[in-house]
Amino acid sequence: MSEESGQHSEPTEFPEFQLRLPGGDGIDRARGVLLDAVGTNGSRKFLIHAGSPARDHVMPSFPKHFVGTYRRREVLKAEGVLRPSERWPGWLELAEDVECGSPSFAAEVLVGAPRNGWVEWKTEAGAPLSDFMEGVWSGPNRAWLVRGSNVSGSDLVQRLWLPEGRVSLSAARLRQGVGQGASKEGLRTFVEQDYGSTATYNQKLELVEELHAFLSRMKPGDTVCTISGGQFYVGEVTGSAEQTASEGGRSNLRRPVEWQSTGYAYDELPEELQQKLSVQHDVVDLAAVQPLIDGLGLTDEELVDGAEAIERDPSGEIPAITARRELELPEPQQDLADELLVHDVEWLREVRDLLWDERQLVLYGPPGTGKTYLALKLAEFLGGGPEQVKLVQFHPSYAYEDFFEGFRPQEDPETREVAFRLTAGPLRELADLASREGNRHIPHFLIIDEINRANLAKVFGELYFLLEYRNKSVRLTYSGDDFALPPNLFVIGTMNTADRSIALVDAAMRRRFAFVELSPRTEPTSGLLRRWLARQDMDSEPANLLDELNSRIDDADLRIGPSYLMKKGVYREGGLERTWRTKILPLLEEHHYGEDVDIEKRYGLHALRTAIGKGGSEGELAS
């Protein structure tokens, strides 16, 4: 990159632009113009006018990530071109015009911090510099991933992009003369004619999308990213696209880029950013995670300092700080344990820790052990309310189309015609809600009741992979979108272990979920009824009867849960006898079907009362 001080010819078609400095309310704005000249990599140069102010300090991380700009600034200070200002004490001032390689480079020299010059250099009327560039896609600046570490077996990132300040896209067969601003329809025609039978239908579709993004949607001021050697590199697009001849056609479409001096370890990137980077295309729109990219290598204090120069609502949040807000699961306290009648708050904390580590958890046990109730209450506590919780129940006919997305018959509200349309299921809806900007630090929970009643491989489909590899994305079956499970989406399943007609959970399922038992033989279930009766100020006999009953059932998965006896109707006159006769004994009769067992003699109320040494009638209990 070439920068020199002195007098230079200025273009006549562009107005003078101004730059507001952070904390510079009492000083003039910096001034400059865009030049006709371009640097060796194709960047349009920018001239800062003499008399422009500059900050007297730089952002702490600036010398590391922007070595070239920092050195240029230090040279200007050493030469006396950038010197202490007499007009504005505590500030620096340019003694003469300074030519820079791009508008952003010029802004960074003055501010001592990363700056998007295409947006922050503005006319006196407030129009940004980018508005004056022809053939540029309208709208806010975006972030892009462009892959270059394995282009026909060559790592262009290390060989070409970083050393020469470029980014490129391979399009060896594309005709000459295709340049900045080409329409998608025109590119579709060119690709169809130029690639013919040398590319498949899908390859040509993807190539059109990538070419359109690179040539027409990408613009100066956009962030560009790439990956090489386990490092994530970030730069800024500083000029238009050009088509050149290159060896093997590996880099014949090029754009100039100012790369940051250092990369970031890929394994240390935020999980949500890793998900987007796992999408298998050569050009990927990263606008959804741009705030995470903008905040890389910067502290919150540095981001606040940088935001002071942007004319924005001072009460608004800084996107990069909001995006990095940590996801947290609150720690259960004793009041929650008391509300749920859990024997020890440490048990709840362990469940919370399992969810934090695994993201997926299954509560399993016999019927009546409070699995669904506990799952809902725990999710509402950890998520901050019922709005972040969605419940679905699996059954044998449940399918992927019901759970995630599929084509469903829908009526058009205007024509009243019914047609099959792509419809989101509960998981897709909750994932979209969880990944919405502003929600990414808030836990969201999907409760899957009776999770083992469905064919899990059929229901989850390719999502099975995402349950284990949360930092990856997959291509969806119906919509064709690239999808990843948001980091703040947790899944809690409940599983009935008593119904022998339910298929066993396979090893793949067990590897993806943590399993927590809720059984009458162990806490917090074994003493639940006794604690509930004590809170209701009732006699403890029902708990004694349940304990005696379960001691006579050999199979732990068939023992009776306490929720059968935690209903008001049980404690009306005759209620306990009715519950025992119509709910509990039929379960045990089915268990012993075909066996010579006297159910009443072994499990009836009279037999159990005799065993615990308490006679009397149910009326005495109800009273």
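Both backbone and side-chain heavy atoms feed into the values below; hydrogens, waters and symmetry mates do not. Throughout, numbering of the chain's residues begins at 1 and tracks the sequence.
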Q) What are the two closest heavy atoms between P562 and L528, and how far apart are they? A) CG-CD2, 3.8 Å
Q. Which atoms form the tightest heavy-atom contact between V157 and I227, and what is the distance?
A. CG2-O, 4.2 Å
Q. Just wondering, do E236 and N116 contact through their side chains at under 4.5 Å, heavy atoms?
A. yes
Q) Would you call W161 and V257 a side-chain contact if the rule is heavy atoms closer than 4.5 Å? A) no
Q.
Would you say that H444 contacts P486 through its side chain, given a criterion of any heavy-atom pair below 4.5 Å between the two side chains?
A. no
Q | Salt-bridge criterion met for R530 and E523 (N-O under 4.0 Å) | A | no
Q. Can you name the closest pair of heavy atoms from P366 and D557 and give their distance?
A. CB-O, 3.4 Å
Q: Kindly say whether K219 contributes a backbone atom to a donor-acceptor pair with the side chain of D222 at under 3.5 angstrom?
A: yes
Q: Say whether, by atom type as modelled, one donor and one acceptor occur between the side chain of Q290 and the main chain of A287 under 3.5 angstrom.
A: no
**Q.** Atom pair CD/CG of E517 and L363 - distance to nearest 0.5 Å
**A.** 11.0 Å
Q) Any side-chain heavy-atom pair from I447 and K390 closer than 4.5 angstrom? A) no
Q. What's the spacing between H343 NE2 and W347 CH2 if we round to 0.5 Å?
A. 8.0 Å
Q: List the steps, then state whether side-chain hydrogen bond (donor to acceptor under 3.5 Å, both in side chains) holds for Q203 with Y195.
A: CA-CA 10 Å; Q203 287 172 335; Y195 283 79; over 6 Å; no
**Q.** Distance-minimising heavy-atom pair for A379 and I492
**A.** CB-CD1, 4.4 Å
Q.
Does Q193, at its CD atom, have more than 12 non-hydrogen atoms belonging to other residues, nucleotides or ligands within less than 6.0 Å?
A. yes
Q. Counting only heavy atoms not in K583, do more than 12 fall under 6.0 Å of its NZ?
A. no
(Q) What I'd like to find out is whether the side chain of K472 reaches to under 4.5 Å of the side chain of Q275, using heavy atoms alone. (A) no
Q | T494-E450 side chain donor-acceptor pair, cut-off 3.5 Å | A | no
(Q) Can you tell me how the ring of H395 sits relative to the ring of Y398, calling it parallel under 30°, perpendicular over 60° and tilted otherwise? (A) perpendicular
Q.
So that I know where these two stand, are Y400 and F460 an aromatic pair - ring centroids less than 6.0 Å apart?
A. no
Q. Would you call L463 and F483 a side-chain contact if the rule is heavy atoms closer than 4.5 Å?
A. yes
Q. Can any side-chain N or O of Q360 pair as donor or acceptor with the backbone N or O of L467 at less than 3.5 Å?
A. yes
Q) Under 3.5 Å, is there a donor-acceptor pair linking the side chains of Q410 and T423? A) yes
(Q) Taking atom CD as the centre, does E590 end up with more than 12 heavy-atom neighbours from other residues, nucleotides or ligands that are less than 6.0 angstrom away? (A) no
Q: Please check if atom OH in Y469 has more than 12 non-hydrogen atoms from other residues, nucleotides or ligands closer than 6.0 Å.
A: no
Q: Rounded to the nearest 0.5 Å, what's the gap from OH on Y266 to OG on S278? Could you check?
A: 6.0 Å
Q.
Determine whether R147 and V283 satisfy the following criterion, side-chain contact (heavy atoms from CB on, under 4.5 Å), listing intermediate values before the conclusion.
A. CA-CA 7 Å; R147 299 191 186 278; V283 182; over 6 Å; no
Q.
Whether the side chain of R188 engages the backbone of V208 through a donor-acceptor N/O pair (distance < 3.5 Å, no angle test) should be reported.
A. no
Q) At what distance, to the nearest 0.5 angstrom, does CG of L286 lie from CG of L273? A) 7.0 Å
Q: Taking the side chain as every heavy atom from C-beta outward, state whether F445 and L376 have any pair of such atoms under 4.5 Å apart.
A: no
Q | R408 to F420 six-membered ring, cation-pi geometry met (6.0 Å, 45°) | A | no
Q: Ignoring hydrogens and angles, tell me if any N or O in the side chain of T226 forms a donor-acceptor pair with the backbone of V146 under 3.5 Å.
A: yes
Q.
E271 and salt bridge (charged side-chain N to carboxylate O under 4.0 Å, His left out): which single residue from K276, R359, R470 fits?
A. R359
Q) To the nearest 0.5 Å, how far apart are CG in L361 and CZ in F515? A) 9.0 Å
Q) Is it true that a side-chain atom of S563 and a backbone atom of G368 form a donor plus acceptor pair closer than 3.5 Å? A) yes
Q.
Does this structure show an ion pair linking K371 with D449, if we count only N-O contacts that are shorter than 4.0 Å?
A. no
Q | Any residue meeting salt bridge (charged side-chain N to carboxylate O under 4.0 Å, His left out) with D432, in chain and number order, not counting sequence neighbours | A | R428
Q) Is NZ or CZ of R421 both nearer than 6.0 Å to the six-membered ring centre of F407 and within 45° of the ring axis? A) no
Q | Exercise: do D155 and S149 side chains pair donor with acceptor under 3.5 Å | A | no
Q. Does some side-chain heavy atom of P524 sit less than 4.5 Å from a side-chain heavy atom of L518?
A. yes
(Q) Using modelled atom types and a 3.5 Å cut-off, is there a donor and acceptor pairing between side-chain atoms of T369 and backbone atoms of G365? (A) no
**Q.** Donor-acceptor under 3.5 Å (R559 side chain, P520 main chain)
**A.** no
Q: Over all heavy atoms of both residues, which pair between Q274 and D267 is shortest? Give the atoms and the distance, please.
A: NE2-O, 3.5 Å
Q. Would you call the rings of Y571 and W532 parallel, tilted or perpendicular, where under 30° means parallel and over 60° means perpendicular?
A. tilted
Q: With side-chain contact (heavy atoms from CB on, under 4.5 Å) as the test, would you mind laying out the steps for Y364 and V516 before giving the verdict?
A: CA-CA 6 Å; Y364 71 98; V516 175; 5.6 Å; no
(Q) Is a donor from one side chain sitting under 3.5 angstrom from an acceptor on the other, for W144 and T223? (A) no
Q: Over 60° means perpendicular and under 30° means parallel, so classify the ring planes of F232 and Y264, tilted if in between.
A: tilted
**Q.** side-chain contact (heavy atoms from CB on, under 4.5 Å) assessment of L253 paired with L211
**A.** CA-CA 9 Å; L253 294 178; L211 289 172; 3.4 Å; yes
(Q) Looking at E272 and R440, is any side-chain nitrogen of the basic one under 4.0 Å from a carboxylate oxygen of the acidic one? (A) yes
Q | F403 ring center within less than 6.0 Å of F394 ring center | A | yes
(Q) Whether the side chain of D482 engages the backbone of S473 through a donor-acceptor N/O pair (distance < 3.5 Å, no angle test) should be reported. (A) no
**Q.** Heavy-atom donor-acceptor pair, N488 side chain to N439 backbone, under 3.5 Å
**A.** yes
Q) So, are K184 and E209 salt-bridged, with charged N and O less than 4.0 Å apart? A) yes
Q | Minimal non-hydrogen separation, C225 against V234, with atom names | A | SG-CG2, 4.4 Å
Q) What pairs of residues pass the salt bridge (Lys or Arg N to Asp or Glu O under 4.0 Å) test when at least one of them lies in residues 327-348, not counting sequence neighbours? A) E331-R349, E346-R349
Q | Intermediate values then yes/no, side-chain contact (heavy atoms from CB on, under 4.5 Å), Y564 and L529 | A | CA-CA 10 Å; Y564 287 102; L529 179 58; over 6 Å; no
Q.
Please report the interatomic distance CG(L466) to CZ(R512), rounded to the nearest 0.5 Å.
A. 9.5 Å
